[in-house]
Structures are given as C-alpha cells and as structure tokens.
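Proteins come first, then strands; the chains are lettered A, B, ... in the order of their sequence lines, and each starts at number 1. Remember, predicted model here, so these are calculated numbers, not experimental data.
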Amino acid sequence: MDRRGFIKLTAITGTSATLASCGSPENQLIRFIPDEDLTPGIAEQKPGVCPLCGAGCGTTVRVMQGDTEVVRNGQAGVVTVGLAKKLEGNPTHPVNQGALCPRGQAAIQVTYHPERITQPHKWRGARGSGDFQPITWDEAIGELVSHLDTLALGKQASLACWTRPGASTRHDLFALFLARFGAPPPTSFALFSDDVLRRANLMSFGREQLPTFDLGSSRYVIAFGADFLGTWNSPVAQSAAYGRMRQGRPGIRGAFVQVEPRMSLTGASADEWVPIRPGTEGVLALGLAHVILRDKLRPADAGGRAGALIDGWSRGLADYTPAAVEQRTGVKAVRVERLARELAEQRPSVAIIGGAPLAQTNGLFQALAVNALNALLGSVDTAGGVSFMPQAEPAAATSPAPRPLRVVAAGILADRSPVQVLLLDNVNPVFATPQEWHVRDAVLKVPFVVSFGNFVDDTSVLAHLILPDHSFLESWTDARPEAGAHVALATLAGPAMKPLHQTRATPDVLLDVAKRLKQPFKPEFPWQSFDQMLQATVGEDNFATATAQGWVELKGKVQQAQAAPSRSQAAPARDAQFDGDPAQYPFYLLPFASQAFLDGSLAHLPWLQEMPDPLSTAMWSTWVEVNPQTAARLGIGDGDIVEIASGHGNLQAPAVLSPGTAPDVIAMPVGQGHETFTRYASGRGANPVKLLAPALEPETGALAWASTRVKVSRVASPDGRLIRFGGSMTEPTAHR
Amino acid sequence: MPHRWGMAVDLDRCTGCEACVVACHAENNIKTVGDAQAARGRAMHWIRVERYWDGEFPDVRLKFRPVLCQQCDAAPCEPVCPTFASHHTDEGLNAQIYNRCIGTRYCANACPYNVRFFNFFNPTWEKPLHLQLNPDVSVREVGVMEKCTFCIQRIKATEQQVEAENRSLKDGELKPACVQSCAPMALVFGDLNDPESQVSRLSRSGRGERLLEDVGTQPKVVYLKHQAQA
Amino acid sequence: MTKADRNITEDLLRPLLTTSWRFYALVLVLFSIVLLGVGSFGYQVYNGIGVWGLNWPVFWAFDITNFVFWIGISHAGTLISAILRLVNAGWRRPVTRCAEVITAFALMIGAMFPIVHLGRPWLFFWLMPYPSEREIWPNFRSPLVWDFFAISTYLTGSLLFLYLPTIPDFALVRDKTTGFRSKVYGALALGWRGTTRQWHRLESAMQIMAIAIIPVAVSVHTIVSFDFSMAPVPMWHSTIFGPYFVAGAIFSGIAALIIAMAALRKFLHLEQYLHPVHFENLGKLLLMMCLLWGYFVFAERLTTWYGNEASEMAVFWATQQQNFAPLYWTMITCNFIIPLTILSFKKLRTISGCVVASCTVVVGMWLERFLIIVPSLSHKYLPYSWGSYRPRTPEVLLLIATFGAMGLLYTLFSKFVPIISIWELKVGEQPELTEPHETPDEAATLWRTHP
Ligand SMILES: Nc1nc2c(c(=O)[nH]1)N[C@H]1C(S)=C(S)[C@@H](COP(=O)(O)OP(=O)(O)OC[C@H]3O[C@@H](n4cnc5c(=O)[nH]c(N)nc54)[C@H](O)[C@@H]3O)O[C@H]1N2
Ligand SMILES: Nc1nc2c(c(=O)[nH]1)N[C@H]1C(S)=C(S)[C@@H](COP(=O)(O)OP(=O)(O)OC[C@H]3O[C@@H](n4cnc5c(=O)[nH]c(N)nc54)[C@H](O)[C@@H]3O)O[C@H]1N2
Ligand code: SF4
Ligand code: SF4
Ligand code: SF4
Ligand code: SF4
Ligand code: SF4
C-alpha cells in the first residue's frame with residue numbers, strides 16, 4: 001500500500017466510525033476482505049432408496065467428484081470418483097414428497113461409516129469375541145457353498161434366514177433362494193412389528209397391511225399411542241399430511257387428539273393430550289363408539305364388517321358407557337362424551353392406533369376396536385380417512401407362511417428343528433428380543449451362521465462368516481412401501497456411486513452361490529444379476545421409469561381385498577394382562593421407539609447419536625422418564641441414576657423428570673445398550689428390551705412388549721452419563 | 001433489486017422431528033463433537049428444536065420451536081466483531097468469514113439467540129466419514145466461530161445458475177437443507193423483497209411474530225404461532 | 001546532608017545492594033508459578049481452547065474475569081497516586097511508587113488476556129490497526145478495538161508516570177554504584193543532575209501527567225465495562241456499568257496496594273517509612289470505596305428487580321438465589337460485610353485489619369467480575385439454550401500464574417528500583433526544602449549523597 005492509499009483508508013475508516021450509527025458504511029471497508037468466495041462444485045442428482053425403515057421413502061443423492069484412497073488387490077492408491085454427498089427426499093416420490101426424516105438424512109453415514117465391514121471375514125477364536133479374519137471373496141463364497149451343499153435338500157428346517165420386514169425384490173430373492181432348499185420364507189423380525197395391526201386390518205377390512213391416512217383432508221384426528229409423526233408406519237408421509245391438515249387449507253385447521261400414557265413426539269403436537277391407563281385404549285375407542293351409537297350421531301350399520309367383529313356392537317356397546325369407560329381407562333366420562341361428539345361432528349375424522357396399544361396382551365382387540373370406530377365414522381376408504389395402499393402381487397409365493405423368530409429360536413434350542421445354516425440379513429434379534437427367548441444361545445447353537453450386514457452387531461458378532469453387502473448407495477435397491485401413498489409403487493434405484501470397499505451386493509452373491517452349488521438349482525434362476533431380476537420383476541418400461549425418477553407406479557397389480565373372516569375368529573374383548581405383581585412392581589414399563597435410533601438399528605450413526613432427542617434433549621445417552629411427582633415420592637432427582645427391575649432383568653440408567661409421563665408409568669427409549677455395534681454405540685446406555693417379559697399377544701403371537709411391570713429405585717447421584725443439549729425445561733412467561 | 005432472504009417457521013406445522021437438525025449437519029460439514037465434548041456443552045447444532053414443557057400432569061403441553069440464526073437486520077453479533085468476520089452482506093445476510101475470525105467469541109455472547117457455535121478444537125472426521133464432506137462448504141478450524149448461513153452455498157449456486165440461464169429466480173426454487181427436509185413444510189424460505197413470495201405472504205400473517213423482537217435485532221425469521229384449537 | 005537523609009538512603013537502597021538467599025528462593029518459587037501459567041497457555045494453544053471449561057453458551061469466564069480484574073487492580077496505582085499528588089497529600093510520599101508499579105504490572109497482566117483468550121491467539125495482531133497489505137482494518141465499532149486503544153494509552157501513560165519520578169532515584173543509584181550497574185542506572189537516569197531546570201521540568205511533567213492520567217484511567221475501565229454493556233445481554237446492557245466498573249476498579253486497586261505495602265513493609269523492613277497512619281488513611285479510602293461499591297450494587301440490583309424484565313430476572317435469581325447464590329453471597333461478604341466491619345472501627349483499622357479487609361476485597365472483586373460475566377451468559381434469553389460452567393485445570397493455573405507474575409514482577413522491581421521514592425521521602429522529611437533549590441550546589445548536597 002502506498003502512502004496515499006493509507007491516508008485514504010484512514011479517512012474512510014474515520015468517517016465510517018463516525019457514521020456508524022447511520023447506515024452500514026463499514027460494508028465499504030470489508031469489500032477488501034475475501035468473502036467466502038466459493039465456486040460451487042458440479043453436482044449430479046441420482047435417485048435412491050432410503051433403506052432404514054419399511055416406509056420405503058425415495059431419495060435423491062447428490063453426487064460430486066472427490067478423491068478417495070482405495071485398496072484394490074492389495075494395492076493402495078488415490079482415485080477420483082463420484083461420491084454421494086447428501087441425501088434429500090425425492091420430490092416426485094408419492095410417499096415422502098421431497099422430505100426425509102432425521103434418520104433418512106443420516107443414512108449416508110451407513111456408507112461412510114468408519115467401521116463398515118470392508119471385505120469378507122471368517123470367524124476365528126471364541127464365538128462372539130468379535131475376532132474375525134479377513135478372507136477373499138472366493139474363499140468366502142466357497143465356504144458358504146460347501147455348507148449349503150451339505151444340507152439335505154427338502155428338509156425344511158435345515159436352512160433359515162432372518163431379515164427385516166418390508167417388501168422388496170431383495171426379500172423375494174431370499175424367499176426364492178430358501179424355497180429351493182425347501183425352507184420356509186425368510187423370517188422378518190422387528191421389535192416394533194405391526195403384525196397385530198396387519199391382522200386386525202385383515203379381519204376388519206380384508207387388507208393385511210398397514211393403513212394409509214389422508215390427514216391432509218381430515219378435520220379431526222384421534223390417535224391411540226401411534227407415534228405417527230415420529231417413528232411409526234410411514235412417518236414422512238404422515239408428517240407431510242399433518243402439515244397440510246394444520247395449515248394447508250384456507251380457513252380450516254384440523255384438530256388432533258392424542259391418547260397415550262406417555263407424551264410422545266407426536267402427542268406433543270396434539271391440541272388435546274389424553275393420558276390413559278395402558279391397555280385400555282380399545283375400551284376408550286369403544287366408549288366413543290358407544291356415545292356415537294347411543295346418540296345416533298352415525299348409523300350403527302356404518303360399522304359394517306369391522307363393527308360386526310366387536311362383541312355387543314349390535315346392542316349398542318352397552319358395556320361401554322362413558323361411566324364404565326371412565327372406570328376402566330381413567331378418562332373422565334364427560335371427556336368421552338365430548339370427544340365422541342367432536343369425532344362424529346367434525347368429519348372427516350379418523351382414528352389411528354399404533355405402537356404400545358398393539359403391544360398388549362389384548363392388542364388385537366384394541367386394534368379391532370379402533371378399526372370399528374373408523375368404520376362407524378365412515379372414514380374407511382374415504383377422503384380424510386384411512387385407506388389401504390394398493391399392493392403389487394409378491395413375486396414369490398408366500399406359502400408356507402414364514403415362521404416367527406421366536407419359534408425358530410425355540411426350535412433350535414429344543415433340537416426340534418435343527419437349523420444347519422442361518423442367514424442373517426441386517427437384523428439384530430439378539431439385541432431386540434426378551435432375554436427369555438434365548439436368541440443368542442440359539443444362534444450360538446447353529447453350526448453355520450452367515451451375516452450379510454455391513455456391521456458387526458450384537459447378532460452378527462456370532463456369525464461364522466461375514467459377506468458384507470454393498471451399501472444402499474452402491475448397489476441396486478428397491479422397496480415396495482405398504483403405506484403412505486395411494487398408488488401401488490416400487491421405490492427403485494441403481495447405484496449412485498462405486499463401492500468404496502471390497503464388498504458385494506448380497507442379491508448378486510445369492511445368485512452367484514446358486515450357480516456354484518454342487519447341485520445347481522433346476523430350473524436355474526433366470527437372472528445373471530440383481531438388476532436383471534429387478535427389471536424382470538417390474539417390467540421393462542417400469543424399470544426405465546424407475547431408474548430415471550427413483551420410483552414407479554405399479555399399475556394393474558392391485559391386491560384384492562380378502563374375504564371376511566368369521567365372527568368366531570375375532571378377538572374377544574379382554575383386559576390387558578401385565579407381567580409382575582403390582583405390589584412388587586408398581587409401574588408399567590413403556591419402552592418406545594427412539595426418534596434417533598428407531599429400534600436401535602441406527603445407534604451406530606454418529607449424527608443420530610449427537611442429535612438431541614426432541615423431548616429429553618439427550619445426546620449419546622439413554623434415559624428413563626419418570627413423572628416428577630413419582631420421582632419426588634421416590635426421592636429421585638433429575639439426572640439421578642435409577643435402577644429399573646422387572647421379573648426378568650434389571651438395568652441402571654439416568655432419570656429424566658418428565659411431566660408428560662403418567663405417574664404409574666416408567667418410559668424408556670429403545671435404541672441404546674448395544675454390547676457390540678461399532679465404536680459409537682457399543683457399551684453405551686442400557687437396553688430396556690432386556691427387562692421385558694416374554695408375553696405374547698395370544699391371537700397373533702406377536703411380542704407384547706408393553707405388558708411388563710417394573711419397580712424403580714434411586715441408586716446414585718447424577719454421574720455425567722446423561723448428556724443433554726437443552727437447558728431449561730420450561731420457558732418462564734411473566735414474573736409479576 | 002437485491003434479494004433479501006428470509007424464513008418463516010410455522011409452529012403449527014412443526015412436529016419437532018429434528019430432520020432439519022440432521023439435514024443441516026449433512027449439508028454444512030458441521031462436526032460431530034462426540035460424547036465427551038457434548039457433555040461439556042460443545043455440541044454444535046446450527047438449527048436446534050427447542051422444546052418447552054408447560055403445566056403438570058395430566059394438563060401438560062409441550063411446545064417445539066426450531067431456532068436458527070435469525071439473520072438479524074440489526075445483528076448484535078456484527079458490530080462487536082473486531083475483524084469483520086461477522087458482517088452483513090448486500091443481501092441482508094449475516095455472513096461469517098471463517099478466515100477472518102480470530103475467536104474472541106464476543107459475537108456469540110452478543111447474539112441473543114445463542115445460535116453461534118465455536119470450534120473449541122480442530123474438527124476430525126474418522127475416515128472415511130470425511131468423504132461425505134460437502135466441497136461447497138468450508139471446514140472450520142479450531143478457534144473459529146460458525147453458525148447458520150442460510151445455506152449460502154446453495155444461494156450462490158442457485159443465483160449463479162439463474163444468471164447463467166438468464167431468467168429470474170422462482171419462489172421456492174431455492175431451499176436451504178433444513179427447509180428441504182422438513183416434511184410438514186414448517187420451514188419456508190424465500191425473498192422478502194418479493195411481496196408475492198410465500199415467505200413474504202406468511203410474514204404478513206396475523207400469526208406471525210418475531211423471536212425476542214424487543215431486543216431490537218430486527219430478525220428476518222418470522223414465527224407463525226401455534227394456533228389454539230377454536 | 002542530614003542523618004535522617006542518610007538513613008533513608010541506606011534503608012531504601014539496601015534491597016538493591018544486598019541480596020539474601022531468601023530473595024532467590026522467592027524468585028524461584030514465583031518463577032515456577034509463572035512457568036506453570038506459560039505451560040498452561042502453551043497446552044491451550046497446542047490443543048485448542050477447548051481445554052478450558054468454556055462451552056455453549058458460556059463463551060467467556062475466567063479469561064475475561066482475569067482481564068477485567070487485573071485492569072481493575074491497575075487502578076490502584078496511577079489513579080490514586082495522581083489524585084494524592086494533585087491534592088498534595090503529604091502521607092502519599094512513601095506510597096506513590098508502590099502504587100504506580102502495581103498499575104504498570106497489573107495492566108501488563110490484564111492486557112494479556114484479550115490475546116490469551118483468543119481461539120486463534122497467533123492472529124492477535126488483527127485486533128490492531130496496522131497497515132496491512134490487504135488493506136484490511138479492524139472494526140472500529142467493536143469495543144474490543146476500543147479496548148486496544150484504551151489499554152495501550154493507559155499503559156503508555158502509566159509507564160511514563162512511573163518513570164518520571166523515578167529518574168532522580170535512578171540518578172541516586174547511579175551515583176551509589178560502580179561499573180556496569182552504574183552505567184545501566186546512568187542510562188535510566190537520562191543524565192539527571194538535579195539542576196533547577198531539570199527539577200522544574202520534572203515538576204511540570206509530573207503535574208501534566210497527573211492531570212492527564214486521571215481521565216485516561218477513568219475511561220479505561222469505562223471502556224472495559226463497554227465490552228459488556230454494549231452487548232444486548234441481560235444484566236450486561238446497563239448504563240450504570242461505566243461508573244460501577246471504575247468504582248470497583250479503584251476499590252480492588254486500593255486493596256491490592258494495601259497488601260503490597262504490607263508485604264514490602266515486612267519483607268524489606270520498611271517499618272520506619274510505611275507507618276500505621278498510611279494504612280489507616282488507605283483504609284479510610286478503602287472504606288469509602290466499599291460504601292460506594294455497595295451503593296452501586298444496591299442501585300443495580302434494585303432497579304433490575306423493580307424493573308422485573310423477564311430475561312433479566314432469570315439472571316437476577318440465578319445469582320441471588322439459585323446456582324450462583326453461594327458465590328454471590330460470598331462476594332457480598334468479602335466486598336462489603338467484612339471490610340465494612342473492620343474498617344468502620346478505628347480500633348480494627350490497624351495494619352493487619354486493613355490487610356485482612358484488603359484480602360477479602362481482592363477475592364470479592366474477582367468474584368464480582370466472574371458474577372457479571374458467567375450468570376448472564378449462562379442464562380441468556382431463550383431458556384433452552386441456558387447452560388452452566390465449571391473451570392478446568394488450565395484456566396485455574398492461568399489465574400494462579402497471574403498472581404505469581406504479579407509477585408515476581410514486583411519482587412524484581414523492588415530489587416532493582418527503590419520501591420519508595422527516596423527523593424520524595426527526603427523532601428517530606430525537610431518540608432522547608434520542598435521547593436527546589438536555587439543553586440546547583442544546594443541541589444547537589446541534597447542529591448549527591450556521598451557518605
Ligand atoms: N472456492 C474457491 N474459489 C476461488 C478461490 C478459492 O480459493 N476457493 N480463489 C479465488 C482466486 S484467488 C482466484 S485467482 C480464482 C482463480 O480462478 P480461475 O481463474 O478460474 O482459475 P483456475 O480454475 O485455476 O483456472 C482457469 C482455467 O484456465 C485453464 N488454463 C490453464 N492453462 C491455460 C492456458 O495456458 N491458456 C488458457 N486459455 N487456459 C488455461 C485451466 O484449465 C482452467 O480451466 O479463483 C477464485 N475463486
Ligand atoms: N496448487 C495450487 N496452488 C495455488 C493455486 C492453485 O490454483 N493451485 N492458486 C494460487 C493463487 S491464484 C493464489 S491467489 C494463492 C492463494 O494463496 P494464499 O494467499 O495463501 O490464500 P489463502 O489460502 O486464502 O490464505 C490467506 C491467509 O490469510 C489469512 N487472513 C485472512 N484475513 C487476514 C488478514 O486480515 N490479515 C492477514 N495477515 N491474514 C489474513 C487467512 O487466515 C489465510 O491463512 O494460491 C496460489 N497457489
Ligand atoms: S421414514 Fe425415514 S427412515 Fe424410514 S424410509 Fe423414510 S426417510 Fe428412511
Ligand atoms: S424438520 Fe420441520 S417439522 Fe421437523 S423439527 Fe425441523 S422444522 Fe420442525
Ligand atoms: S441471530 Fe445471532 S448470529 Fe444471527 S444475525 Fe442475529 S445476532 Fe447474529
Ligand atoms: S469470534 Fe470471530 S466472528 Fe466472533 S467476534 Fe470474534 S473474531 Fe468476530
Ligand atoms: S438454513 Fe442452512 S445453515 Fe441454516 S439452519 Fe438451515 S440448513 Fe442449517
């Protein structure tokens with residue numbers, strides 16, 4: 001700078017200091033400062049499929065060039081490749097309509113996770129020690145083939161596969177593969193399975209699937225325990241519809257009532273939050289129906305088939321007077337009357353049930369009750385009501401029916417049906433089943449366990465052989481959502497990037513194995529690779545559409561409603577049974593799906609670990625929600641370490657005093673407490689599933705995970721285990 | 001006329017799902033600090049979803065409120081910055097030049113909304129998580145302040161594209177990451193200088209109020225009140 | 001040359017001329033403490049400032065507390081000595097230099113913190129206006145830049161103010177020593193010969209400096225208070241902060257001075273020169289500042305409470321009743337109750353009484369600064385973003401090191417420079433000689449004190 005420039009600048013500086021109060025002359029100074037001078041890189045948008053839950057949302061993957069270190073055939077080097085950078089919701093996708101849930105946003109970390117398994121591994125040392133030895137793909141596939149070759153073909157029990165729920169061509173391929181061995185289809189397992197609701201919908205409406213809600217047109221919504229804005233069913237689709245229900249129609253704002261004993265993320269948004277005694281949600285639903293029938297607000301025959309399944313429907317549900325309902329549910333009779341009237345008058349109205357009410361020993365009855373209420377309200381298959389998404393016919397025959405995981409495990413342990421080879425496809429039942437199911441022992445007893453997952457988790461650590469899959473961004477993926485839209489569709493996408501590691505797409509591995517067997521399949525699979533299979537499944541034209549836009553409508557393949565069941569098959573009205581003596585175990589244990597980790601399957605993603613829980617604001621930790629009055633009575637302070645014990649196990653975790661938890665309920669998120677699940681999740685927090693009684697919903701055999709009683713005691717002062725982002729719980733308004 | 005970017009947050013639509021929080025991390029190379037640092041209060045969330053409890057069981061309510069940089073027109077974080085690292089752009093944004101920041105943290109103290117976050121340590125990404133980093137966004141080093149930029153990289157990219165195609169920007173065409181991810185469409189972004197843009201129309205809504213308006217910051221984020229049931 | 005003069009010279013030059021093992025031991029101890037602080041700073045620079053306990057949203061704590069505290073302590077000296085000089089308080093004579101030295105060193109220590117506390121301290125010079133080849137200037141609207149100007153002005157002024165009246169003493173030492181030392185002191189004496197012209201110049205320079213330094217000192221702590229009051233933070237954004245900070249600064253400054261004088265009196269055996277009456281007078285001053293400080297706190301608290309503004313009340317109750325209450329009431333005890341009790345009674349206003357009161361005031365004033373900063377930041381507006389703060393070892397070490405540094409610098413200074421102004425004391429002993437003498441000879445008899 002020369003002297004003149006210096007003087008000039010000094011002058012500007014002086015002036016700007018004087019003028020600082022009038023305008024922003026300092027902006028003239030800072031033009032000398034390099035701005036964040038960025039030249040945006042060139043990005044390519046490719047379609048993708050979110051693999052994290054059954055909702056089957058479509059994504060767009062932003063792909064940009066980047067350098068990565070690779071090892072190929074033992075040689076290290078740096079190559080420039082297209083790398084996925086960001087996932088967005090696919091704006092054209094009928095389910096998620098351009099948005100993603102927080103988990104979908106974090107899905108990209110599955111691909112770049114530092115502890116992804118990078119090549120095949122073979123077990124060594126003690127089972128479960130996590131000691132694996134890298135091997136080549138040839139060795140690995142050879143090993144699997146040799147074990148499969150020893151199987152006695154046609155012996156049902158000898159081959160089994162455990163996978164996650166959700167229809168997809170990948171699932172179909174597993175089923176076909178197993179069928180060639182005469183084995184039943186893969187066992188789908190999820191802790192928060194909705195099998196009870198599927199069964200109820202089959203009975204009430206002839207559709208064995210999860211419901212779709214047209215909330216955008218609803219005037220009044222009542223939800224029983226369903227966390228439909230957070231974790232349940234198709235949360236992105238439901239949230240989008242919720243936004244429209246609230247503020248999407250000029251002059252109309254839909255009202256929303258949530259019935260649950262512990263305020264969920266969804267309940268937090270309700271206009272009216274109705275705490276209820278656990279296991280009595282169905283009673284309240286029928287109480288509402290009773291008032292509607294009694295006051296002739298809706299015609300009784302509107303209940304149709306769903307109503308007919310309920311005992312006493314034709315007699316106007318005489319047992320469900322508001323007074324009786326108040327007695328059983330704890331919801332005041334006047335409130336029952338008012339809610340019933342609002343439901344009947346502010347139509348279209350709809351009732352939703354999901355989550356804990358279905359995980360009671362009377363879950364099916366509760367679901368049937370809500371179904372009947374919907375039918376009575378005239379809200380089935382109507383605008384603003386509940387409907388069922390048309391479904392494509394499954395490619396594979398589903399007979400025989402898949403066996404529940406509990407049954408398979410029991411069979412193994414009892415030597416009744418010894419499984420010789422167990423295939424694990426991204427499922428972690430050792431973490432997510434009650435201790436009394438002894439799933440870990442069962443897996444340990446299987447002579448040969450193969451895992452296709454990307455990570456070593458509590459279950460796959462027991463495997464003999466790990467054949468790591470590509471990540472969803474590196475391979476062909478598809479999903480056939482069962483809810484969340486109004487057309488039958490497949491979400492389908494090709495690889496968005498080249499594989500980072502020496503992994504192989506599991507469907508391709510299956511196709512390869514099929515060819516290498518000593519006795520190859522006859523007729524052999526007609527596809528050379530998985531994308532060929534996808535193409536054949538959806539059809540040539542559809543495939544082209546799907547690969548371009550990330551999804552395709554599957555026309556003309558709509559599943560027909562099934563025949564009505566007989567009355568005798570309906571679930572009798574039954575009170576929920578809870579495990580544990582109320583005197584000894586005074587609290588209902590309410591495990592709930594965590595907004596970050598769902599059932600725990602996402603606890604390995606650092607973004608989700610650091611995402612504050614919406615209610616507790618906890619990060620990297622677990623907690624137990626205790627009502628403040630209960631806590632005061634038990635001498636429990638916020639953050640104190642408490643011990644929760646059921647008749648089946650006990651654990652310690654920090655307490656969060658939560659005004660939205662009923663005084664007789666102890667609520668705890670599922671998700672943490674993994675023994676083995678990468679450096680981010682291992683040994684962190686506690687797992688409430690290990691407290692659960694092995695109680696079942698008797699009609700469906702589903703785990704009644706909300707039917708355990710517990711006791712609570714304070715064991716220690718806060719020890720830093722609970723990490724919270726938020727400060728104060730409340731916002732003071734006025735002081736005076 | 002230059003753009004004047006603003007945002008509307010419809011509290012009646014927001015479900016508190018936190019998709020926006022993770023989306024912002026993914027877009028803006030925000031580091032994950034880990035459990036030990038999070039316990040020390042160093043977690044960084046450019047957008048956070050505040051939750052407030054109200055009342056006692058059973059008459060208990062819960063409110064969510066997403067809070068990000070309010071892009072104040074009279075931003076207290078700007079005059080206090082000795083190096084102009086925190087400054088105002090022609091488009092009315094409160095911008096941050098990481099290279100200029102020497103880490104006095106004065107701006108963060110002056111910001112009434114506590115939306116500025118400090119790099120107490122150098123960021124690390126355990127390989128290969130670093131391959132996800134967005135090349136359009138600088139990675140911030142130790143000792144530097146950072147905060148929501150309204151996704152300036154997306155603004156610039158879209159403006160450049162619009163200019164190259166010689167057309168004007170369509171309302172809703174430009175979405176920051178949080179806005180894009182929000183399923184109930186609680187977040188609306190746009191040009192406040194365009195009176196017809198959705199964000200302008202929502203800003204004029206009777207439900208609209210500005211956060212801590214009495215502090216005099218003149219925020220460009222407007223909150224649409226949760227509507228009580230009629 | 002009177003006998004008294006000779007004693008003064010001998011007593012006050014003794015520390016310069018003889019060195020006991022105790023001196024080395026003390027220096028070693030203090031130096032180690034300083035080294036700990038330097039090590040802690042190095043550790044912090046190497047790892048990142050995350051080694052401190054700072055967090056979101058408490059971005060300032062010990063760092064800026066130390067800054068404000070030491071800048072406050074610095075007000076002991078120059079300001080007090082300037083006022084006492086201007087009102088020509090006779091009892092000031094043995095006190096002024098002790099006080100001025102505190103100013104110089106406290107300022108140096110305090111002024112380090114705006115650099116030490118930076119996230120990227122190696123870029124500290126961006127706070128200063130320098131002719132950058134990129135033509136980038138600091139933001140003159142930032143109070144941190146004002147701090148830079150205020151503190152550098154004050155430091156320059158205070159050093160001059162300390163140096164000027166030391167010139168005749170340097171000359172004295174020059175004449176009392178030989179060889180290398182004599183040369184060094186000779187250089188520092190700037191050719192002082194004690195001529196009438198020199199005396200006149202010194203007198204008028206002192207007069208000008210004494211007048212000029214008072215507004216500078218007042219402005220410095222006002223500007224330091226602006227670091228807070230310019231930001232819209234609850235209980236920071238207050239018009240009272242300027243005078244409140246200045247009063248607090250003088251308060252803590254006097255306390256520091258009393259402690260320093262008591263230490264000098266004991267260790268350098270200056271009982272003959274630092275009399276109980278000096279402590280008694282300073283004690284009265286301290287009492288006055290104590291009452292003034294109490295008044296400011298009362299005024300600040302009352303208006304906040306009465307105004308009942310929600311965001312301010314959150315901070316108010318946090319200090320008054322909630323998590324910061326123990327510290328707050330300790331501060332009130334240290335700054336008000338104890339000094340008021342001790343200093344109100346003539347019987348208790350002894351040297352040890354004054355020292356006890358001063359020690360609690362120093363602690364209390366450090367707490368005061370801490371309690372201005374941390375509760376406000378941890379309870380700023382939106383309650384979801386509230387937080388808390390716990391210091392960690394590196395910042396505690398830094399705090400301890402500042403006291404070590406003060407002790408070390410003070411010890412070394414009193415080793416190399418007469419800590420009591422010899423010529424002023426002599427002038428005080430012979431009131432008739434207050435006016436400079438007409439002839440160089442007379443002056444020479446006074447200042448050339450060959451035995
Ligand atoms: N994100 C980001 N943006 C920046 C900067 C930054 O650091 N980060 N830095 C800024 C700065 S300081 C600068 S100087 C600019 C530089 O910006 P540009 O001038 O765009 O610099 P380059 O991209 O290095 O090169 C420009 C093109 O010149 C081509 N080229 C190379 N040799 C020749 C030749 O002999 N003849 C011709 N005709 N073409 C040739 C190259 O292939 C390249 O396509 O970028 C600015 N923008
Ligand atoms: N491989 C390769 N090398 C290149 C180029 C290339 O294209 N490829 N491009 C070349 C070109 S065109 C350029 S311009 C150079 C750019 O090279 P550099 O001049 O090194 O550019 P920056 O990386 O922007 O570094 C500027 C530094 O200044 C600091 N800074 C910011 N504000 C101030 C301030 O007020 N005062 C001071 N003193 N420092 C400040 C920042 O913290 C940063 O450390 O790189 C050249 N080198
Ligand atoms: S709901 Fe979330 S996790 Fe499930 S598929 Fe959609 S984006 Fe993925
Ligand atoms: S993504 Fe939207 S709905 Fe979800 S928390 Fe953020 S603003 Fe609210
Ligand atoms: S919200 Fe805070 S950081 Fe953003 S412009 Fe306003 S003062 Fe600055
Ligand atoms: S921390 Fe950085 S941006 Fe903030 S005031 Fe200091 S230099 Fe400016
Ligand atoms: S606008 Fe961009 S930077 Fe700001 S919170 Fe949203 S995603 Fe983050």
Quick check on [X] against chain B: is it the side chain, the backbone, both or neither that has a heavy atom closer than 4.5 Å?
{"X": "A/T118", "answer": "neither"}
{"X": "A/P612", "answer": "both"}
{"X": "A/Q629", "answer": "side chain"}
{"X": "A/L500", "answer": "side chain"}
{"X": "A/A106", "answer": "both"}
{"X": "A/D613", "answer": "backbone"}
{"X": "A/R62", "answer": "side chain"}
{"X": "A/L83", "answer": "side chain"}

| message | Going by side chain to side chain contact (heavy atoms under 4.5 Å, CB included), name the residues that satisfy it together with B/T124, two or more places apart in sequence or in a different chain. | response |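 Side chain to side chain contact (heavy atoms under 4.5 Å, CB included) list for B/T124, sorted by chain: empty.
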| said: The criterion is ring pair (Phe, Tyr, Trp, His ring centres under 6.0 Å); which residues satisfy it with B/Y113, sequence neighbours excluded? | reply: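 Checked B/Y113 against ring pair (Phe, Tyr, Trp, His ring centres under 6.0 Å); zero matches.
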Is [X] close to chain A through its backbone or its side chain, or both, or neither, when contacts mean heavy atoms under 4.5 Å?
{"X": "B/C20", "answer": "neither"}
{"X": "B/C182", "answer": "backbone"}
{"X": "B/A186", "answer": "neither"}
{"X": "B/D35", "answer": "both"}

Considering only heavy atoms and a distance below 4.5 Å, find which of [options] pairs most often with chain A.
{"options": "B/V22, B/L62, B/D59", "answer": "B/V22"}
{"options": "B/D10, B/T15, B/D12, B/V60", "answer": "B/D12"}
{"options": "B/A26, B/A39, B/P135, B/A43", "answer": "B/A26"}
{"options": "B/V49, B/L11, B/L224, B/N134", "answer": "B/N134"}
{"options": "B/R154, B/M185, B/H130", "answer": "B/R154"}

Is [X] salt-bridged to [Y], going by a charged N under 4.0 Å from an acidic O?
{"X": "B/K63", "Y": "B/D54", "answer": "no"}
{"X": "A/E731", "Y": "B/R65", "answer": "yes"}
{"X": "B/E27", "Y": "A/K85", "answer": "no"}
{"X": "B/R116", "Y": "B/E146", "answer": "no"}
{"X": "B/R61", "Y": "A/E272", "answer": "no"}
{"X": "B/D73", "Y": "B/K220", "answer": "yes"}

| task | Check the side chains of B/E78 and B/H88 for a donor-acceptor pair under 3.5 angstrom, ignoring hydrogens and angles. | result |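 A pair is found: one side chain offers a donor N or O, the other an acceptor, under 3.5 Å apart.
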| Hey, are B/Y98 and B/Q96 close enough side-chain-wise for a donor-acceptor pair under 3.5 Å? |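 The answer is no; no qualifying pair exists.
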For chain B, which candidate among [options] shows the most heavy-atom pairs at distances under 4.5 Å?
{"options": "A/L87, A/L100, A/T266", "result": "A/L100"}
{"options": "A/R246, A/K86, A/Q65, A/E115", "result": "A/K86"}
{"options": "A/R679, A/M619, A/Q97", "result": "A/R679"}
{"options": "A/Q105, A/R684, A/E610, A/R724", "result": "A/E610"}
{"options": "A/S621, A/P102, A/A99", "result": "A/P102"}
{"options": "A/S728, A/G727, A/A43, A/A237", "result": "A/S728"}

| message | If you define the side chain from C-beta out and look only at heavy atoms, does anything of B/F57 sit under 4.5 Å from A/P659? | response |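 Heavy-atom side-chain distance check fails, nothing below 4.5 Å.
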| query | Is the backbone of B/C77 close enough, under 3.5 Å, to the side chain of B/S86 for a donor and an acceptor to pair up by distance? | reply |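 Yes; at least one donor-acceptor contact below 3.5 Å.
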| query | Are B/W46 and B/F117 near enough that their ring centres are under 6.0 Å apart? | reply |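 When the ring centroids of B/W46 and B/F117 are compared, they turn out to be at least 6.0 Å apart.
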| message | So that I know where these two stand, are A/Y680 and A/H113 an aromatic pair - ring centroids less than 6.0 Å apart? | response |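 Yes, close enough.
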